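In each ligand, atom 1 is the first atom listed, and ligand 1 is the first ligand listed. Keep in mind that what you see is a predicted model, and the values were worked out from it rather than measured.
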Amino acid sequence: MANKWVYMFGEGDMTMRNLLGGKGANLAEMTSIGLPVPQGFTITTEACTQYYEDGRKINDEIMAQVMEGIRKMEEMNGKKFGNLRNPLLVSVRSGARASMPGMMDTILNLGLNDEVVAAMIAGNPDSKFERFVYDSYRRFIQMFSDVVMGVGKKYFEQLMDKMKEEKGVLYDIELTASDLKTLAEQFKAEYKNQLGEEFPADPVTQLKSAIEAVFCSWDNPRANVYRRDHDIPYSWGTAVNVMPMVFGNLNEKSGTGVAFTRDPATGEKKLMGEFLKNAQGEDVVAGVRTPMPIIKMKQEFPEAYKEFLKVCETLENHYHDMQDMEFTVENRKLYMLQCRNGKRTAQAALQIACDLVEEGHKTEEEAVAMIDPRNLDTLLHPQFDAAALKAAIPIGKGLGASPGAACGKIVFTAEDAKEWSKRGENVILVRLETSPEDITGMKVSQGILTVRGGMTSHAAVVARGMGTCCVSGCGDIAIDEDNKRFTLAGKEFKEGDDISIDGTTGNIYDGAIKTVDATIAGTFGRVMAWADKYRTLKVRTNADTPQDAKKACELGAEGIGLCRTEHMFFEEDRIAAFREMICSDTVEEREAALEKILPYQQRDFEALYEALEGNPVTIRFLDPPLHEFVPTEEADIEKLAKAQGKSVETIKTIIASLHEFNPMMGHRGCRLAVTYPEIAKMQTRAVIRAAINVQKKHPDWIVKPEIMIPLVCEVKELKYVKKVVAKTADAEITAAGVKLGYEVGTMIEIPRAALTADEIATEADFFCFGTNDLTQMTFGFSRDDAGKFLNAYYDTKIFENDPFAKLDQNGVGKLMETAIKLGKSVNPKLHVGICGEHGGDPSSVEFCHRIGLDYVSCSPFRVPVAKLAAAQAAISEAR
Ligand code: ADP
Ligand code: MG
Ligand code: MG
């Protein structure tokens with residue numbers, strides 16, 4: 001049998017998401033439970049894949065099924081596509097498996113041309129109807145030109161603005177039928193002017209081009225960026241939904257709206273939404289007029305409102321989750337155009353998860369599974385310092401569109417946002433309204449402030465998705481984007497001025513207000529407790545200082561998986577001694593310098609053990625190449641020379657001798673301990689003495705040092721260093737006359753270590769995957785230089801993700817699996833963790849759970865994210 005590329009809404013259901021996309025599957029599901037959905041069809045995601053395979057062409061088989069779908073649609077709706085007397089107009093809508101709001105394209109009112117327009121008007125002499133027809137026509141020309149032909153929206157918007165100015169009106173709604181007719185003609189002329197050809201009149205041609213454009217939009221730059229951020233594979237493709245138009249712009253008895261069954265910002269259980277009379281869908285989102293709150297619909301359209309409330313209840317009971325809905329009222333009758341599990345802030349996600357458990361909609365496991373771990377770190381983002389906030393007076397207010405607090409320097413374009421943030425500045429992006437092209441600029445901004453747009457505007461939706469603070473729709477701002485300035489509350493603000501915004505209240509403040517970190521409590525605490533109950537993977541943190549360690553423990557870390565000792569050497573009072581150590585000529589000289597460092601290290605370790613209260617601490621011995629520590633300033637070199645009784649020349653010669661062509665693969669890691677065992681000896685003494693002291697002070701804790709040797713590639717290397725460590729440690733323990741256990745393990749960060757893990761494990765108590773180096777060594781490119789070419793790799797689809805951010809499961813992951821298997825085959829007690837950047841990335845955490853790691857270790861702020869991801873991995877495995 002031939003492939004089935006097209007499904008009528010009546011043929012599908014919500015389980016068919018992979019094939020029909022989220023929008024299509026939900027339109028089918030709503031149809032099957034009897035909700036009022038205009039009946040159309042979905043072209044499958046497989047057709048999208050086929051379109052790309054065929055070299056970006058819709059083949060005849062697919063097109064034939066599309067036309068068959070149109071025929072069935074005509075039958076069901078009693079109208080005919082391209083017919084003059086009773087024309088069927090359609091929308092052509094994208095809809096991927098995972099929702100990607102605003103990332104792909106939609107075309108409305110398709111099927112119109114001069115003839116159809118004339119015939120429609122002739123058939124209904126009402127002047128209001130004529131206005132509606134031209135309103136739809138000008139919308140269609142603009143959308144088709146923009147989405148299908150790539151003629152920028154701005155050309156049409158300029159014509160629209162000119163027309164409004166000429167007519168002395170503020171809003172599109174005030175334009176008359178003849179104004180809109182003129183506009184439609186101007187739009188067509190603009191089309192011809194831009195493209196050198198007539199606007200296509202044939203509805204079937206329009207339809208085919210529109211479907212192609214939607215398929216094509218799967219590959220547009222903003223969709224590609226969005227997918228990278230949300231772990232959505234390129235191979236999925238998008239479906240296309242074709243359905244009859246219902247007209248919110250028909251008259252004053254019509255309108256369009258979007259709503260959530262619960263508040264997407266706070267999670268509060270109350271209907272939230274916006275509605276616009278005499279308008280079409282995208283008007284609400286684009287902010288062309290300020291919409292009215294949904295509750296007003298109750299007075300304007302009592303029956304439709306009542307029915308809508310019923311629909312909301314039905315949908316929540318059906319999907320057991322908060323719903324985000326798009327609907328239209330045509331002549332007082334309600335039509336549902338979309339529903340989906342609504343995007344929400346982290347705060348709302350937690351509130352809703354807890355409420356759904358209380359209401360019996362979800363089990364604890366389901367509640368844990370429904371929260372996007374990536375989202376959580378917004379809650380760990382700063383809030384305004386309460387005292388500083390009290391003293392501040394808001395100078396303006398918009399909508400609290402995405403919570404959190406932010407302060408920074410004002411910038412006016414996405415480009416500037418990137419520029420300034422590259423220079424290390426915090427920035428607030430201020431825009432009239434944002435568009436999807438702004439996404440990369442929004443990503444680097446601390447906060448986003450827009451003049452136009454409601455809670456569901458592009459800026460609001462995208463900011464919430466990214467967890468970036470956003471205040472939208474502050475109409476009091478008079479903005480001059482071209483000259484990069486705006487006025488608010490009588491004051492002029494320029495690029496670079498400080499401003500603070502509160503994405504929860506919508507308040508805007510002049511100047512910079514101090515922010516403070518957030519804590520885990522309330523619903524957050526409750527969900528994290530569930531996560532703890534269901535996860536098996538432990539979560540540790542990467543922390544080098546007692547402060548970081550404390551913060552991480554507050555956030556739930558169960559130990560330190562990586563303490564980088566070298567960070568301790570950079571401090572003012574130690575660097576001098578450390579440099580002496582580096583510039584020593586003899587072992588004795590070196591030992592004397594190390595002797596000076598020992599007490600500092602010991603004190604640092606004691607503080608860490610204190611902070612961890614008996615939880616495990618893995619201390620990694622000196623790792624980076626020594627030249628990273630040597631002085632570069634003349635004065636510092638002189639100082640060092642003096643301290644060591646050497647000439648400046650000698651010091652300079654020593655420094656020069658440390659130069660390496662490829663330092664990442666040079667004299668570093670355990671190679672330092674092999675050449676200078678006295679360094680490892682000193683570090684061992686510091687660790688063991690610290691542990692003994694803290695153990696003595698807290699007899700009820702178990703202080704058991706875990707010493708980690710970096711960059712091992714050969715078992716004999718580890719054996720050699722371990723012997724030095726063990727001899728030193730045992731001597732310390734004997735001298736102190738105490739009992740103290742300790743472990744010596746190794747990082748696995750060189751492919752050869754993974755491949756010979758069965759040898760290495762005979763000498764190791766534990767493995768810890770250093771996936772930053774392991775990724776670097778496996779791919780053979782340095783993480784510091786990858787930025788130079790990764791974009792080209794994304795563009796050419798060679799890579800979909802940055803392997804330094806998201807673990808490469810195929811390659812690096814295979815090495816990890818191999819190492820675990822080999823290691824445990826000779827040492828069943830071997831415990832295994834990961835301490836690369838990946839330890840806090842949800843999909844990588846899931847992988848670590850699957851291949852049997854004991855723990856992941858990540859930066860303090862990622863701890864709750866990792867815990868939730870670990871719980872989700874355990875829960876989905878048990879299902
Ligand atoms: P997005 O995924 O960006 O939300 P949609 O495909 O949902 O894009 O379309 C955007 C808007 O267009 C919808 O919110 C809806 O209001 C309007 N729309 C889509 N199809 C129709 C239709 N058949 N009739 C009326 N309005 C429609
Ligand atoms: Mg939509
Ligand atoms: Mg490393």
Please determine if [X] and [Y] form a salt bridge, counting it only when a charged side-chain N lies under 4.0 Å from a carboxylate O.
X      : Y      : answer
Glu481 : Arg431 : yes
Arg262 : Glu316 : yes
Arg344 : Asp321 : yes
Lys23  : Asp324 : no
Arg374 : Asp229 : no

Suppose I only count heavy atoms of [X] and a 4.0 Å limit; which atoms of ligand 1 are within that range?
X      : result
Gln338 : 4 (O), 7 (O)
Lys23  : 1 (P), 2 (O), 5 (P), 6 (O), 7 (O), 8 (O)
Met245 : 22 (C), 23 (N), 24 (N), 25 (C), 26 (N)

Which residue and non-hydrogen atom of the protein lie closest to [atom], and at what distance in Å?
atom                    : result
atom 18 (N) of ligand 1 : Leu108 CD2, 3.4 Å
atom 3 (O) of ligand 1  : Gly102 N, 3.9 Å
atom 8 (O) of ligand 1  : Thr106 OG1, 3.3 Å
atom 20 (N) of ligand 1 : Ser91 OG, 2.9 Å
atom 26 (N) of ligand 1 : Leu337 CD1, 3.3 Å
atom 4 (O) of ligand 1  : Glu326 OE2, 3.3 Å
atom 11 (C) of ligand 1 : Gly281 CA, 4.1 Å

Ring centroid separation Phe301 to Phe308 under 6.0 Å: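 Centroid distance Phe301-Phe308: not below 6.0 Å, so no.
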Looking at ligand 1, does any of its N/O atoms fall within less than 3.5 Å of an N/O of [X]?
X      : value
Val246 : yes
Thr328 : no
Ser94  : no
Arg340 : no
Pro244 : yes

Count of N, O or S atoms belonging to protein, less than 2.8 Å from the Mg ion (ligand 2):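 Excluding waters, the total comes to 3.
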For the student: nearest non-hydrogen atoms of [X] and [Y], plus distance:
X      : Y      : value
Met442 : Ala463 : CE-N, 4.4 Å
Asn113 : Ala201 : ND2-O, 2.7 Å
Lys343 : Phe260 : O-CE2, 4.0 Å

Ring-face cation contact, Tyr335 with Lys333, 6.0 Å cut, 45° max: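 Cation-pi check for Lys333 and Tyr335: passes.
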Pi-cation contact, Phe41 with Lys72 (under 6.0 Å, within 45°):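 Not flagged: Lys72 not positioned over aromatic ring of Phe41.
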Whether Phe140 and Phe199 hold their rings parallel, tilted or perpendicular, with breakpoints at 30° and 60°: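 Answer is perpendicular, since the angle exceeds 60°.
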Heavy-atom neighbours of Lys188 NZ exceed 12 at 6.0 Å: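 Result for NZ/Lys188: enclosed.
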